[in-house]
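Residue numbers begin at 1 in each chain, while the letters A, B, ... track the order of the sequences. Computed from a predicted model, the values in this text were never measured in an experiment. Excluded from the calculations below are hydrogen atoms, water molecules and symmetry mates; all remaining heavy atoms, backbone and side chain alike, are included.
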2 protein chains.
Amino acid sequence: MSIDLTESSITAAVQKTFDGSKNARTKEVFTSLVQHLHDFTREVRLTGDEWFTAMDFLVRVGKISSDTRQEYVLLSDILGISVLVDLINHEDSKGSSVTDSTLLGPFYVEGRPAANNGDDISGGVDGIPMFFTSRVVDTHGNPIAGAHVDTWHSDGKGFYDVQQAEKLHNHLAMRALLTTDEDGRFWYRSIAPRYYPVPTDGPCGEILRAADRSPMRPEHIHFWFQAEGYDSLITMLFRADDPYLTSDAVFGAKRALVADFIEHEAGEAAPDGTAVDEPFQTVEWTFVLNPASTAE
Amino acid sequence: MSIDLTESSITAAVQKTFDGSKNARTKEVFTSLVQHLHDFTREVRLTGDEWFTAMDFLVRVGKISSDTRQEYVLLSDILGISVLVDLINHEDSKGSSVTDSTLLGPFYVEGRPAANNGDDISGGVDGIPMFFTSRVVDTHGNPIAGAHVDTWHSDGKGFYDVQQAEKLHNHLAMRALLTTDEDGRFWYRSIAPRYYPVPTDGPCGEILRAADRSPMRPEHIHFWFQAEGYDSLITMLFRADDPYLTSDAVFGAKRALVADFIEHEAGEAAPDGTAVDEPFQTVEWTFVLNPASTAE
């Protein structure tokens with residue numbers, strides 16, 4: 001009977017409507033969601049005006065979202081939910097040699113170009129040359145061949161390709177899908193990324209400004225590994241001397257993911273041995289994947 | 001310091017970023033919101049796949065929303081949040097003679113046509129004639145003149161104008177803004193509404209189907225009163241003999257808002273004294289408004 005509900009009886013009444021869920025997980029998730037959303041609403045005594053503001057805000061987050069602008073992901077990121085989900089789902093690899101995971105972030109784009117090892121994936125965007133050299137191995141140090149490696153990063157001013165779509169004529173840049181060779185190796189040339197503010201020109205920016213929060217993320221390179229027989233790994237590498245390393249706006253930085261971004265003078269040799277006639281950077285890293293969970 | 005956060009340390013770290021909020025309410029609301037969203041996420045051990053599903057779902061709720069399709073309001077409604085917000089904010093009128101409030105619902109539309117008392121507001125939609133006669137008074141029974149009264153309702157098949165925009169050529173119907181006369185009276189002619197399912201062709205329908213929940217709402221007429229010196233009142237009147245009265249899909253039905261929808265034979269007199277040559281209905285109700293809260 002859901003009539004004449006009160007502030008205290010409504011929660012159970014709503015939860016009861018999920019009793020007939022076709023699978024147990026639907027019931028579990030919504031029963032908990034209703035409890036916590038109701039508890040929040042009661043705790044802050046949400047006003048009608050605040051509810052209208054919330055409705056309008058949530059619609060606008062949806063409206064501005066697209067394949068290349070993931071504002072809901074960003075909202076989840078700035079509220080720490082994305083990292084929390086990652087932490088919950090990677091408890092088992094704590095203390096092991098497996099590379100730490102972290103949040104996906106709002107700039108992953110499906111349909112990124114495939115590239116060969118050694119390719120320049122900068123898409124012609126100007127910047128300091130960066131050579132990334134890496135190896136993907138299992139927990140025994142054995143190479144994982146044929147792993148798919150998504151990588152994406154900002155330019156030297158802190159902007160991703162999708163944030164400058166007009167200038168780049170909608171051309172995707174500074175992102176690629178690579179494949180590891182027989183030794184588990186992958187390598188590419190690009191340009192050095194930079195710390196940057198998360199996009200503040202949309203609804204999420206309103207929250208950051210209202211809270212007078214820093215929008216800055218430390219400099220990083222994104223990776224998403226997928227290999228048969230292994231858990232997929234979404235992670236980032238951070239630059240050791242970054243000023244925002246301990247104040248990441250989306251809570252994703254980890255010391256275990258801090259890499260040396262080594263600066264080289266003009267004329268020094270790139271990893272492939274050829275001389276580079278301008279200053280450049282190199283980064284090297286070994287990623288360790290977890291054997292596929294039986295639960296997945 | 002937000003680096004190397006754990007499942008247990010992340011919540012406080014995120015909450016701390018709201019410490020610098022420009023107003024205390026922002027800090028209060030977001031501190032509580034983060035706590036409860038994180039508690040939910042931890043409690044159900046939300047998986048990465050479920051998080052992706054949620055991101056996609058929330059975007060789609062926003063994308064389908066428009067001035068005439070309030071899918072986020074509907075989501076709030078089917079999770080009982082809309083009614084909870086209403087209950088929280090109308091504790092003070094419990095036990096008084098003030099008319100009970102209830103949720104707004106997703107079908108209120110700004111820019112509805114103004115009408116004069118006595119007008120037919122059906123917009124030409126076919127149905128059983130309904131004559132609504134009412135008075136708006138204060139808690140001492142004194143008339144409130146010049147009150148603005150929004151009213152809106154479905155047709156006899158349970159559909160609102162905005163759900164049949166193509167058929168109605170985007171013409172708004174079965175809704176109007178009226179004004180009470182010197183005796184606090186307002187009255188209009190329209191067509192009888194009907195119980196109906198909330199829209200299930202959008203994302204909210206996916207939740208209802210997954211939970212095998214009834215989408216049905218009991219028959220009702222919506223009202224929104226705004227008068228200077230009084231709290232605004234958002235409410236509905238329900239039909240006494242409705243089969244869905246005690247199982248409202250959005251939890252809004254109240255016995256105190258149940259009215260007699262009286263059926264009349266062809267040839268009987270309408271409230272204005274003229275004979276009606278077909279069967280019709282009459283509904284009469286007195287609404288009592290609360291003096292304006294000083295807090296507002």
| request: May I have the step-by-step check of side-chain contact (heavy atoms from CB on, under 4.5 Å) for A/D231 and A/L289, ending in yes or no? | output: CA-CA 7 Å; A/D231 283 351; A/L289 303 190; over 6 Å; no
| field | Which atoms of A/S76 approach chain B - backbone, side chain, both or neither, heavy atom under 4.5 Å | value | side chain
| Heavy-atom contact with chain B under 4.5 Å, split by part of A/R60 | neither
| said: Between A/V59, A/T102, A/D100, who has the most heavy-atom pairs with chain B when the cutoff is under 4.5 Å? | reply: A/V59
| field | Proximity breakdown for A/I81 and chain B, heavy-atom pairs closer than 4.5 Å | value | both
| request: May I have the step-by-step check of side-chain contact (heavy atoms from CB on, under 4.5 Å) for A/R239 and A/H220, ending in yes or no? | output: CA-CA 6 Å; A/R239 185 185 173 103; A/H220 59 273; over 6 Å; no
| task | Sort out for me which of B/N89, B/D212, B/L75 touches chain A most, counting heavy-atom pairs under 4.5 Å. | result | B/N89
| Of all of A/I10, A/L33, A/L84, A/D39, which one pairs up most often with chain B through heavy atoms under 4.5 Å apart? | A/L84
| query | Is a side-chain donor-acceptor pair under 3.5 Å present for A/H36 with A/H38? | reply | no
| request: Under 4.5 Å, counting heavy-atom pairs only, tell me which of B/L58, B/T31, B/D19 racks up the most with chain A. | output: B/L58
| message | What part of B/L104 gets within 4.5 angstrom of chain A, counting heavy atoms only: side chain, backbone, both, or neither? | response | side chain
| At a heavy-atom separation under 4.5 Å, does A/L257 approach chain B through its side chain, its backbone, both, or neither? | neither
| query | Angle class for the B/F225/B/F223 ring planes (parallel below 30°, perpendicular above 60°, tilted otherwise)? | reply | parallel
| note | Greatest number of non-hydrogen atom pairs under 4.5 angstrom with chain A, of B/F40, B/F52, B/W51, B/F30, falls to B/F40
| said: Using a 4.5 angstrom heavy-atom cutoff, name the option from A/K27, A/R209, A/Q15 with the most pairs to chain B. | reply: A/R209
| Top contributor to chain A contacts, counting heavy-atom pairs under 4.5 Å, from B/I234, B/V83, B/I207 | B/I207
| query | What about the rings of B/Y108 and B/W152, do their centers lie closer together than 6.0 Å? | reply | yes
| field | chain B contact via A/F238 - which portion, at a heavy-atom distance below 4.5 Å | value | neither
| said: With a 4.5 angstrom heavy-atom cut-off, is it the side chain or the backbone of A/V61 that approaches chain B, or both, or neither? | reply: neither
| query | Considering all heavy atoms of both residues, which atom of B/T99 and which atom of B/V288 are nearest to each other, and what is their separation? | reply | OG1-N, 2.7 Å
| request: State whether a side-chain donor-acceptor pair under 3.5 Å links B/S101 with B/D86. | output: yes
| request: Using a cut-off of under 4.5 Å on heavy-atom pairs, state which of A/T11, A/T26, A/I64, A/T47 scores highest against chain B. | output: A/T47
| Between B/Y196 and B/F107, what is the ring plane arrangement, given parallel below 30°, perpendicular above 60°, and tilted in between? | perpendicular
| field | Region of A/Q35 that comes under 4.5 Å of a non-hydrogen atom in chain B | value | neither
| request: Check whether B/L37 gets within reach of chain A through its side chain, its backbone, both or neither, counting any heavy atom under 4.5 Å. | output: side chain
| message | Would you say B/S2 and A/D248 are linked by a side-chain donor-acceptor pair, where the criterion is simply a distance under 3.5 Å? | response | no
| field | Geometric cation-pi criterion A/R217 and A/Y244, 6.0 Å radius, 45° cone | value | no
| Which heavy-atom pair separates A/A253 from A/P218 by the least distance, and what is that distance? | CB-CG, 4.4 Å
| query | Are A/D56 and A/K63 within salt-bridge range, i.e. N to O under 4.0 Å? | reply | no
| Would you find a donor on one side and an acceptor on the other, under 3.5 Å apart, between the side chain of A/D4 and the backbone of B/R255? | yes
| query | Among A/E28, A/E43, A/Q70, which has the most heavy-atom pairs under 4.5 Å with chain B? | reply | A/E43
| said: Please rank B/K254, B/M55, B/R213 by heavy-atom pairs under 4.5 Å with chain A and give me the top one. | reply: B/R213
| field | Segment of A/S82 engaging chain B (4.5 angstrom heavy-atom cut-off) | value | both
| request: Flag the one option from A/V34, A/V29, A/L208 with the top tally of heavy-atom pairs under 4.5 Å to chain B. | output: A/V29
| field | Contacting moiety of B/E71, where chain A heavy atoms sit under 4.5 Å | value | neither
